[in-house]
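Heads up, the thing below is written out as structure tokens.
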Amino acid sequence: MSELLGGWKRTQYCALLGEADVGREVVLMGWTNARRDLGALIFIGLRDRTGVMQVTFDSSELPAEIFEKAQTIRSEYVLAVKGMLARRTPEMVNARMQTGAYEVRVQDFKILGKAETPPIEIGDDTKTNEQMRLKYRYLDLRRLAMQRNLMLRHKVAHIARTYFAEQGFLEIETPMLTKSTPEGARDYLVPSRVHPGAFYALPQSPQQFKQLLMLSGYDRYMQIARCFRDEDLRADRQPEFTQIDLEMSFVEEDDVIAVNEGFLARLFKEVLDIDVALPLKRLTYSEAMSRYGSDKPDTRFDLELVDISGIVRECGFKVFTAAVEGGGSVRCINVKGGAEKFSRREIDALAESVKTYKAKGLAWMSLKPEGPQSSFAKFLSEEQINAITARAKGETGDILFFVADKNSVVFASLGALRLELARRLELIQPNTFDLLWVTDFPLLEWDEEEGRFFAMHHPFTHPKDADIDKLESDPGAVHAKAYDIVLNGTEIGGGSIRIHSSELQERMFTALGFSKEEAWRRFGFLMEAFKYGTPPHGGLAYGLDRLVMLLAGATSIRDVIAFPKVQNASCPMTDAPDPVDEKQLRELHIKLDLD
RNA sequence: GGCCCGGUAGUUCAGCUGGUUAGAAUGCCAGCCUGUCACGCUGGAGGUCAGGGGUUCGAGCCCCCUCCGGGUCGCCA
């Protein structure tokens with residue numbers, strides 16, 4: 001039988017006890033972390049969210065019935081323990097334990113909750129696979145590592161609220177039940193009972209609402225907002241995720257960037273005690289792509305891409321010339337001192353890995369002391385080989401990897417190869433943080449399948465002033481007032497200055513191939529609103545989950561979300577999503593048509 | 001939708017070229033133990049080898065299908 005609290009009050013958290021409490025009577029409440037029963041002496045690690053304190057049951061000090069009850073304590077029992085905090089004698093101190101210099105000598109205790117043997121190990125160095133951890137998430141969350149992650153997450157959210165409030169931002173909520181916006185990610189739909197056949201959508205972001213708040217005059221808005229996207233999951237992507245969402249009026253790009261640099265500096269200082277040098281590094285999109293093959297480059301290591309298209313434009317190697325003639329390029333990565341580090345087998349494996357990104361192959365050139373050795377040397381003249389080596393700053397002992405294709409494939413494959421090489425060669429110092437802005441994104445992206453332009457960021461993004469005239473004549477060349485913040489090669493946030501005139505917004509929709517009617521049907525309320533006095537405005541949204549993941553040193557955002565979903569977007573603990581009753585479907589006027 | 005990796009006691013894993021009754025560690029249960037802290041010692045229980053089908057004298061192991069988990073490409077305005 002579990003016992004009741006019966007008026008007992010907790011006096012302290014386990015791991016917060018210290019020198020000041022020695023000799024005092026304390027009441028602790030927590031879970032049984034470990035039990036060491038020596039017969040007439042029982043040690044128990046009592047765990048709460050702060051850590052573990054050893055509590056000692058001594059048969060020579062306790063009434064028999066209390067000691068006998070102590071013998072029944074098992075893992076994960078919930079206990080209330082009353083006793084005296086004592087300093088351990090020097091030879092009893094456990095230096096590996098935060099509270100290892102103390103113990104509570106128990107005088108009385110209650111078993112508040114019994115526990116069956118847990119199906120997973122609740123240790124910090126758990127090797128339990130994630131499937132089990134997620135099925136028993138409530139147990140997994142007892143682990144101090146998970147508690148640290150969630151407390152870190154709380155701290156980040158708290159700093160965001162504090163900092164942005166100090167900067168004059170107002171926290172305002174926006175609806176969860178809203179209108180579907182088919183441009184972009186798939187929406188999660190919610191059927192309406194009172195409007196048969198009509199659906200709400202869960203927000204992919206509060207984008208349109210925060211823009212409306214700007215024209216309503218709230219000037220500076222922030223929200224820690226849940227967002228939903230019905231797309232496939234990744235290690236850093238969940239179907240529901242959280243943004244720190246911001247919007248500001250009367251600002252340009254540098255204003256948004258400046259206020260956010262202040263936030264990031266504050267965050268790194270308070271969370272990790274790291275001083276971030278401001279202003280942060282900035283790269284334009286085209287520079288990021290040409291140097292790193294990525295719009296979210298990890299610049300903690302070099303291995304930059306080198307364009308050798310000019311040199312091999314006319315050579316005997318068809319793979320190279322065809323790529324250049326077709327409007328693509330030939331680029332390479334020079335791995336300094338790598339000539340001896342890659343066996344043929346490893347090179348083959350690298351070649352296989354770039355095929356994921358549609359590269360047809362991976363050419364290589366190893367600068368051996370006896371001369372360059374490569375997969376294509378016989379097709380090139382000595383001058384061409386020398387020119388390539390010079391362009392890539394190659395020296396004896398280096399190895400160069402080449403991809404020739406259209407630019408998108410070259411960038412994707414060499415960008416990925418760059419990361420893979422850094423991983424294999426362990427070029428990334430652990431616990432280093434590298435923040436940078438990527439700016440000047442293209443406004444529009446051509447979609448081959450649909451045969452039209454899509455907004456790279458979203459359709460409300462303001463073009464660069466100098467490019468506005470090209471919106472009709474050369475849409476693909478228009479740059480956007482958009483910026484991403486990148487941390488260690490992960491995009492942790494992005495934003496833009498928005499279009500604030502309905503006239504420019506209509507031109508944007510035209511460039512996207514929307515008819516006027518279609519644009520009004522989808523975004524009419526926004527365009528209508530823009531007619532009534534809209535300030536220039538812009539903002540940014542952070543992916544809170546990714547940000548916390550990186551700060552916590554986790555490798556998956558699942559480790560910083562209390563109850564995450566797995567790859568097929570289900571929850572192993574609740575078994576959501578689930579079929580529902582026929583009655584519920586009838587009320588919603590929904591008939592299932594399953595194959 | 002594609003590709004890759006994985007699924008064996010409660011848990012983490014081993015299991016050889018297909019060959020006797022599927023092992024280890026840990027956890028669990030019982031007994032002993034007053035300074036343990038990964039307590040120790042002794043003993044014990046514990047298995048739908050993810051599921052289904054096939055090949056074979058014989059399948060945890062080989063083949064096919066399905067399910068489940070992870071990574072990734074596509075996708076993610």
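To find a chain, count down the sequence lines: A is the first, B the second, and so on, and within it residues start at 1.
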Just call it for [X]: base, sugar-phosphate, or nothing, with non-hydrogen atoms closer than 4.0 Å on any strand.
| X | result |
| --- | --- |
| A:S570 | sugar-phosphate |
| A:R96 | sugar-phosphate |
| A:F460 | nothing |
| A:S205 | base |
| A:T89 | nothing |
| A:S556 | nothing |

Using a strict cut-off of less than 4.0 Å between a Lys/Arg side-chain nitrogen and an Asp/Glu carboxylate oxygen, indicate whether [X] and [Y] qualify as a salt bridge.
| X | Y | result |
| --- | --- | --- |
| A:E517 | A:R521 | no |
| A:E420 | A:R424 | yes |
| A:E76 | A:R142 | yes |
| A:R87 | A:E19 | yes |
| A:D440 | A:K464 | yes |
| A:E518 | A:K516 | no |
| A:D559 | A:R133 | yes |

Provide the distance between the two [atom1] atoms, one in [N] and one in [M], to the nearest whole Å.
| N | M | atom1 | answer |
| --- | --- | --- | --- |
| B:U12 | B:G31 | C1' | 28 Å |
| B:G60 | B:G23 | C1' | 12 Å |
| B:G18 | B:A25 | P | 28 Å |
| B:U56 | B:C16 | P | 23 Å |
| B:C73 | B:G27 | P | 40 Å |
| B:U55 | B:C64 | P | 15 Å |
| B:G53 | B:A59 | C1' | 13 Å |
| B:C4 | B:G10 | P | 32 Å |

Does [X] place a side-chain N or O at less than 4.0 Å from the phosphate oxygens OP1/OP2 of [N]?
| X | N | result |
| --- | --- | --- |
| A:R229 | B:C75 | no |
| A:R558 | B:G71 | yes |
| A:R234 | B:C73 | yes |
| A:R36 | B:C39 | yes |
| A:R133 | B:G69 | no |
| A:R35 | B:C39 | no |
| A:T56 | B:G35 | no |

Which nucleotide sits closest to the side chain of [X]: [options]?
| X | options | result |
| --- | --- | --- |
| A:F43 | B:C75, B:C76, B:G35 | B:G35 |
| A:Q567 | B:G70, B:U36, B:A30 | B:G70 |
| A:N568 | B:G69, B:A77, B:C33 | B:G69 |
| A:F454 | B:A77, B:G35, B:C33 | B:A77 |
| A:L38 | B:C68, B:C37, B:U34 | B:U34 |
| A:A34 | B:G74, B:C39, B:C37 | B:C39 |
| A:A40 | B:U34, B:C73, B:C29 | B:U34 |
| A:E103 | B:U34, B:U72, B:G35 | B:G35 |

With a 3.5 Å cut-off and heavy atoms only, can you find an N or O donor on one side and an acceptor on the other between the side chain of A:R237 and the base of B:C75?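 Counting by modelled atom types and ignoring angles, a donor-acceptor contact under 3.5 Å is found here.
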Can you say whether a donor on the side chain of A:T356 sits under 3.5 Å from an acceptor on the base of B:U72, or the other way round?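 Looking at the base of B:U72, it does not pair with any donor or acceptor on the side chain of A:T356 (distance under 3.5 Å).
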Nearest-nucleotide comparison on RNA chain B, the residue closer to the 5′ end among A:T555 and A:R88: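 The residue whose closest nucleotide sits nearer the 5' end is A:R88.
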A:E445 or A:D58, whichever maps to the more 5' nucleotide of RNA chain B: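 First, find each residue's nearest nucleotide; the 5'-ward one identifies A:D58.
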Can you tell me how far CD1 of A:I561 sits from CE of A:M146, rounded to the nearest 0.5 angstrom?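 Going from CE on A:M146 over to CD1 on A:I561, the span is 9.5 Å.
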Separation of [X] atom [atom1] from [N] atom [atom2], in whole Å?
| X | N | atom1 | atom2 | value |
| --- | --- | --- | --- | --- |
| A:L233 | B:C76 | CG | P | 15 Å |
| A:Q71 | B:U34 | CD | C1' | 13 Å |
| A:D37 | B:C28 | CG | P | 12 Å |
| A:E491 | B:C76 | CD | C1' | 10 Å |
| A:I73 | B:U36 | CD1 | C1' | 15 Å |
| A:Q131 | B:G71 | CD | C1' | 15 Å |
| A:K355 | B:G74 | NZ | P | 17 Å |
| A:D559 | B:G71 | CG | P | 10 Å |

Both distances under 3.5 Å, Watson-Crick or G-U wobble: report the partner of [N], or none.
| N | result |
| --- | --- |
| B:G6 | B:C68 |
| B:A25 | B:U11 |
| B:C33 | none |

For the pair A:Y138 and A:Y136, name the ring-plane relationship: parallel under 30°, tilted 30 to 60°, perpendicular over 60°.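 Perpendicular: the ring planes of A:Y138 and A:Y136 meet at over 60°.
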In terms of the angle between their ring planes, are A:F514 and A:F523 parallel, tilted or perpendicular, with boundaries placed at 30° and 60°?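 Because their plane-to-plane angle is under 30°, the rings of A:F514 and A:F523 count as parallel.
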Less than 6.0 angstrom separating the ring centers of A:F441 and A:Y483, yes or no?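 That pair fails the under 6.0 Å test.
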So is A:R452 actually on top of A:F454's ring, under 6.0 Å and inside 45° of the axis?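 Yes; both conditions hold, so A:R452 lies above the ring face of A:F454.
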Can you give me the N/O atom pairs linking the protein to nucleotides 9-15 of chain B at distances under 3.5 Å, or say none if there are none?
| unit_1 | atom_1 | unit_2 | atom_2 | d |
| --- | --- | --- | --- | --- |
| B:G10 | O2' | A:P119 | O | 3.0 |
| B:U12 | OP1 | A:N129 | N | 2.8 |
| B:U12 | OP1 | A:N129 | ND2 | 3.0 |

